[in-house]
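Here is the structure we will look at.
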Amino acid sequence: MNIEDLRTYCLAKSLVTESFPFDEKTLVFKVCNKMFALTNIEDGLSVNLKCKPEMALELREQYPNKVLPGYHMNKKYWNTIIIDGSINDCFIKQWIDDSYELVVSKLTKKQRQEISDFIGK
């Protein structure tokens, strides 16, 4: 997976926007103005993804040195995944899906309905 694959995959999700709210090198993906993924476009490819706390710990144990506590994030809920080819892209895509769905699950009923309506179009 490269930065364009990551970007394309994230943007294919319903109502996702991208922006650089922190600086010109940190690309952030949001759904309904809530972050679910962010990546540094200048350094080696990695992505921060939201995760359930128990899964965050499990992934860190299963992939030491490749799945780390979220850099500059709440380490209980966020992991930084180093993307260097050592973790199968299918797993990374599933973790992106999980992050997106976790954020969507915390949105208001109205926002979740907007996503459902968008998918139905």
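We count residues from 1, following the sequence as given.
In plain terms, the two heavy atoms of P69 and K75 that are nearest each other are CB-CG, 3.4 Å.
No donor-acceptor pair closer than 3.5 Å links the side chain of S14 to the backbone N or O of I115. A distance-only check finds a donor-acceptor pair linking the side chain of R112 to the backbone of L107 [under 3.5 Å]. With T8 contributing its side chain and D5 its backbone, the two residues share no donor-acceptor pair below 3.5 Å.
F29 meets the ring pair (Phe, Tyr, Trp, His ring centres under 6.0 Å) test with no other residue; sequence neighbours excluded. When the side-chain contact (heavy atoms from CB on, under 4.5 Å) test is applied to K25, the partners found at least two apart in sequence or on another chain are D23, N40, I41, E42, D43.
With a 4.5 Å cut-off between side-chain heavy atoms of Ile, Leu, Val, Met, Phe, Trp and Tyr, the cluster of I82 takes in L68.
For the pair F36/C10, a side-chain contact is recorded, criterion being any heavy-atom separation below 4.5 Å from C-beta on. You'll find the side chain of I83 stays beyond 4.5 Å of the side chain of T39, heavy atoms only. With contacts defined as side-chain heavy-atom distances shorter than 4.5 Å, the pair L38/V47 does not qualify.
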Acceptor/donor pairs from residues 89-96 side chains to any protein atom, 3.5 angstrom cut, sequence neighbours excluded:
from, atom 1, to, atom 2, distance (Å)
D89, OD1, M1, N, 3.2
D89, OD2, M1, N, 3.1
Q94, NE2, D98, OD1, 2.7

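Interatomic distance, K34 NZ to K50 NZ, rounded to the nearest 0.5 Å: 8.5 Å. Summarising the geometry, atom OG belonging to S19 is positioned 9.5 Å from atom CE belonging to M35; distances are rounded to the nearest 0.5 Å.
Tracing side-chain contacts under 4.5 Å through hydrophobic residues (I, L, V, M, F, W, Y), one reaches I3 starting from I81; they form part of the same cluster. Under a hydrophobic clustering in which Ile, Leu, Val, Met, Phe, Trp and Tyr are joined whenever their side-chain heavy atoms come within less than 4.5 Å, directly or via other members, L45 and V28 fall into different clusters. Hydrophobic cluster membership is shared by L27 and L15, with clusters built from Ile, Leu, Val, Met, Phe, Trp and Tyr side chains linked at under 4.5 angstrom. Under the 4.5 Å side-chain contact rule for hydrophobic residues, L102 and L6 do not share a cluster. Cluster membership for V103 and V16, using ILVMFWY side-chain heavy atoms within less than 4.5 angstrom, is shared.
For residues 9-19, every residue pair satisfying the salt bridge (charged side-chain N to carboxylate O under 4.0 Å, His left out) rule, not counting sequence neighbours, is listed here: R7-E18, K13-D97. Within the structure, side chain to side chain donor-acceptor pair (under 3.5 Å) contacts touching residues 61-72 (residues at least two apart or in different chains) are K66-D84.
When the options N48, N79, T80 are evaluated for a side-chain contact (heavy atoms from CB on, under 4.5 Å) with M73, the one that passes is N48.
A side-chain N or O of Q111 and one of T108 form a donor-acceptor pair less than 3.5 Å apart.
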